[in-house]
Amino acid sequence: MIRQLALPGLRRSTICALVQRLRGYVKNVNPKGCFIMLSRMVEARIILSNLSDEYVENPQKDFSVGMLVQGRVLSAEPLSGKVEVSLRKSTGSKSQKLDDVSYSDLHVGDIVDGQVKRVESYGLFVTIKSSELVGLCHVSELSDEPVLDINACYKAGDMVKAKILKIDEDRHRVSLGLKESYFDSDLTDDENGNENDGGRVPMDISRAPQMSGGFNSTLVLPGPEPRASVPPLQVALDEYEGSDQEGDQKAHEIANGSEPNVKKSDRRLKEKARKQREIEISALEERALQKDIPQTPDEFEKLVRTSPNSSFVWIKYMAFLLDLADVEKARSVAERALRTINIREEEEKLNVWVAYFNLENEYGSPREDAVKKIFQRALQYCDPKKVHLALLGMYERTKQNELADELFDRMTKRFKTSCKIWLRRIQFSLTQGKDVEYIKSVVNRALLSLPQNKRIKFLTQTAILEFKCGVAEEGRSRFELILREYPKRTDIWSVYLDQEIRLGDTEIIRALFDRVTCLSLPPRKMKFLFKKYLRYEKAQGDEERIKHVKQKAMEFVEICRA
């Protein structure tokens with residue numbers, strides 16, 4: 001029955017009718033939810049809110065990899081392969097519950113019980129008991145005394161008693177207060193028979209059967225989630241809203257006064273999300289293995305059936321067999337892994353191919369021919385550039401420099417517009433101690449092959465490599481040539497300064513700072529350069545040098561004002 005999920009002819013309603021309850025094994029877990037395997041070819045996603053009827057604070061703790069779970073299908077789209085599953089026992093949807101909520105059931109002054117949903121620096125989001133309504137308690141309303149560290153006082157899941165301070169029906173927001181004085185005053189009013197509010201008893205939401213729903217940040221009533229917003233299966237559950245760029249790179253972008261390219265930023269974001277997901281999956285799999293390390297082939301067989309798309313598990317199985325000196329069995333496991341892992345899991349397949357390279361490099365006979373045979377097969381199934389880089393990495397690790405050099409010749413012809421390939425060749429040549437003329441010839445060939453928009457990046461990175469590999473004079477000459485053509489590129493000036501600072505020649509560094517701070521550049525760029533100069537002198541110089549930098553900065557300000 002579950003196999004019908006993969007058939008393209010079934011409608012969504014038909015699938016949901018066929019499969020109301022099903023079982024699956026947890027594949028991976030993260031703070032946003034988890035993926036489960038329904039069969040060898042079908043995966044399903046479970047978002048955090050659908051993991052349980054109760055609040056789940058730590059999904060990794062409650063749902064371990066390989067755990068058997070039972071749930072029901074919320075939606076399934078055979079054409080796109082998206083399946084959404086819920087483990088909740090209740091069947092009512094949020095939107096249905098929210099339709100019954102009325103603001104007339106809430107009044108200013110009501111005392112309600114709730115559970116902390118989320119802790120932020122500015123306050124708490126509290127879910128009102130027996131409902132899905134959420135209100136905001138600002139940090140100033142948490143206590144009669146100042147709250148210095150909100151995270152030390154509250155955490156998600158804590159039960160609290162709150163007083164409704166304000167209701168904004170137009171904006172769908174409710175403000176709450178947790179101060180003890182609110183409850184003391186209410187108790188005093190009740191004892192004295194206060195009738196200012198018409199004798200109304202503070203409301204307990206748990207006694208109002210019509211009150212159920214959910215809200216985000218001070219009572220928000222969202223409409224039903226559109227079908228198009230449900231992400232596809234093979235994506236990470238994490239929502240990366242921003243990318244933490246390295247400090248120097250961010251500073252260079254600010255100094256250059258230009259917004260980062262949107263497409264490049266998106267690519268970096270996706271790449272970082274993918275790498276983060278791989279790290280999380282590997283960590284979970286490693287923890288699962290450490291809890292119960294397989295000791296026999298039968299135990300490994302059980303493990304690969306549980307996680308058929310995990311290259312980590314397959315490679316561990318291969319290593320186990322090699323420890324037993326069963327090379328042929330290890331080869332057969334590698335072949336099984338390549339047949340079993342889903343075709344969409346390109347990175348997982350590539351990991352197995354790389355392990356296969358290493359196996360043949362160690363045990364193949366003849367070694368070189370065995371590796372080349374596997375390499376040619378891998379090119380048919382994976383990204384050729386990634387396969388070439390993987391083989392190159394193996395040659396470099398095992399010090400097979402002649403084979404690496406031959407591979408570089410082929411790569412620079414096949415991927416001649418790739419800046420990364422040319423830089424890898426220059427790095428390899430520098431570490432091998434090639435002479436300056438050879439490096440220059442490689443650089444000239446690269447400049448003829450690379451498109452115009454990649455040449456500055458290539459030259460800058462080449463200069464950095466020369467600094468790091470002990471030929472600083474060549475790096476200086478290269479930076480000087482670039483800045484002769486682009487004297488206003490403060491990002492390149494900053495990189496140049498960073499390399500000189502790393503070497504530590506004080507005279508050269510200060511001479512370079514004096515040159516760059518004499519340029520006629522926009523105030524924002526000059527501010528960045530003066531700050532960099534001042535930081536250097538505070539770390540390495542004395543009071544006189546610090547005053548010298550400040551004086552130069554003041555002179556520049558006066559010139560700008562004039």
Side-chain angles (χ1 to χ4, degrees), residues 267-268 271-272 274-279 281-283 285-286 310-319 322 327 330-331 333-335 337-338 341 345-364 366-434 438-439 442 446 449-450 454 457-458 461-462 464-466 468-469:
R267 284 201 300 271
R268 292 193 194 103
E271 182 68 15
K272 184 171 182 179
R274 182 186 64 78
K275 289 181 179 179
Q276 182 66 25
R277 183 186 176 201
E278 288 178 359
I279 292 170
I281 292 172
S282 297
E285 290 169 340
E286 190 167 3
S310 171
S311 61
F312 178 82
V313 174
W314 286 106
I315 294 170
K316 282 285 186 182
Y317 193 3
M318 292 168 62
L322 290 175
V327 179
R331 286 193 179 101
V333 169
E335 295 291 346
L338 295 171
I341 295 176
E345 300 283 355
E346 293 182 6
E347 293 297 325
E348 301 295 323
K349 277 187 176 290
L350 181 60
N351 291 340
V352 176
W353 283 115
V354 174
Y356 211 167
F357 291 163
N358 290 317
L359 187 152
E360 295 297 345
N361 186 59
E362 191 71 26
Y363 299 99
R367 181 174 70 172
E368 185 177 337
D369 293 339
V371 171
K372 285 184 178 179
K373 184 177 178 181
I374 300 300
F375 172 69
Q376 293 300 327
R377 287 179 56 197
L379 289 175
Q380 300 174 25
Y381 298 98
C382 301
D383 181 357
K385 184 176 175 181
K386 291 182 179 180
V387 176
H388 278 82
L389 287 171
L391 182 62
L392 177 63
M394 188 197 73
Y395 283 154
E396 290 178 337
R397 284 194 306 272
T398 55
K399 307 297 182 183
Q400 300 181 61
N401 297 331
E402 292 183 4
L403 292 175
D405 211 30
E406 292 176 7
L407 185 59
F408 268 125
D409 288 334
R410 296 198 298 272
M411 291 172 69
T412 51
K413 290 177 182 177
R414 182 167 183 174
F415 309 105
K416 61 182 180 180
T417 60
S418 170
C419 184
K420 183 177 182 179
I421 300 296
W422 285 107
L423 288 172
R424 282 289 294 270
R425 174 145 206 180
I426 288 172
Q427 183 179 17
F428 177 77
S429 301
L430 287 169
T431 54
Q432 292 302 308
K434 300 285 187 180
Y438 178 83
I439 301 297
V442 175
S449 302
L450 291 171
K454 292 185 179 181
K457 174 187 174 183
F458 169 74
Q461 294 297 322
T462 300
I464 293 172
L465 288 173
E466 289 172 330
K468 291 182 177 179
C469 293

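This one's a predicted model, so the numbers in the text were calculated from it and none came from an experiment. This chain uses plain numbering: 1 for the first residue, then up along the sequence. Only heavy atoms go into these numbers, but all of them, side chains included; no hydrogens, no water, no symmetry mates.
Gln432 and Asp405 share no side-chain donor-acceptor pair at under 3.5 Å.
Residues Arg424 and Leu389 have side chains in contact (heavy-atom distance under 4.5 Å, counting atoms from C-beta outward). Under the 4.5 Å side-chain criterion, counting only non-hydrogen atoms from C-beta, Leu359 is in contact with Val327. Looking only at side-chain heavy atoms (C-beta outward), Ile421 and Arg414 stay at 4.5 Å or farther from each other. Looking at heavy atoms from C-beta onward, Leu338 lies out of side-chain contact with Tyr381 at the 4.5 angstrom threshold. At a threshold of 4.5 Å between non-hydrogen side-chain atoms, the residues Tyr395 and Leu407 count as touching. Proximity of Arg425 to Asp409: side-chain heavy atoms (C-beta onward) are separated by under 4.5 Å at one or more points. Residues Glu396 and Gln427 form no side-chain contact, since every pair of their non-hydrogen atoms from C-beta on lies 4.5 Å or further apart. At least one side-chain heavy atom of Lys386 sits under 4.5 Å from a side-chain heavy atom of Glu347.
Glu406 CD to Leu403 CG: the interatomic distance, rounded to the nearest 0.5 Å, is 5.5 Å. Once rounded to the nearest 0.5 Å, the distance linking NZ of Lys316 with CZ of Phe312 reads 4.5 Å. Lys373 contributes atom NZ, which lies 8.5 Å from atom CD of Glu360 (distance to the nearest 0.5 angstrom). Note that CG of Leu350 and CD1 of Ile341 are 10.5 Å apart. Values are rounded to the nearest 0.5 Å. For the atom pair Arg410 CZ and Phe415 CZ, the distance stands at 10.5 Å (nearest 0.5 Å). For the atom pair CG of Leu379 and CH2 of Trp353, the computed distance is 9.5 Å after rounding to the nearest 0.5 Å.
The heavy-atom pair separating Ile439 from Ser429 by the smallest distance is CD1-CB, 3.5 Å. For Thr417 against Ser449, the heavy-atom pair with the smallest separation is CG2-O, 3.8 Å. Nearest heavy-atom pair across Thr462 and Leu423 is OG1-CD2, 3.6 Å. When all heavy atoms are compared, the tightest approach of Asn351 to Ile315 is O-CD1, 3.7 Å. When all heavy atoms of Phe428 and Ala404 are compared, the pair lying nearest together is CZ-CB, 3.9 Å. Contact record, Ala390 with Val354: CB-CG2, 3.5 Å, taken as the closest heavy-atom pair.
Using cut-offs of 30° and 60° on the angle between ring planes, the pair Phe375 and Phe357 is tilted.
Here the side chain of Trp422 pairs no donor or acceptor atom with the backbone of Thr412 at under 3.5 angstrom.
A salt bridge is absent between Glu335 and Arg331; no separation between the charged side-chain nitrogens and carboxylate oxygens falls under 4.0 Å.
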(request) Could you walk me through whether Lys349 and Glu345 pass salt bridge (Lys or Arg N to Asp or Glu O under 4.0 Å), step by step? (result) CA-CA 6 Å; Lys349 277 187 176 290; Glu345 300 283 355; over 6 Å; no
(request) Could you please spell out the steps behind the side chain to side chain contact (heavy atoms under 4.5 Å, CB included) verdict for Val371 and Met394? (result) CA-CA 10 Å; Val371 171; Met394 188 197 73; 4.0 Å; yes
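Shown here is Lys385, whose NZ atom has more than 12 heavy atoms of other residues, nucleotides or ligands within 6.0 Å. Enclosure of atom NZ in Lys468 is not indicated, since only 12 or fewer non-hydrogen atoms of other residues, nucleotides or ligands lie within 6.0 angstrom. More than 12 heavy-atom neighbours from other residues, nucleotides or ligands sit within 6.0 angstrom of OH on Tyr438.
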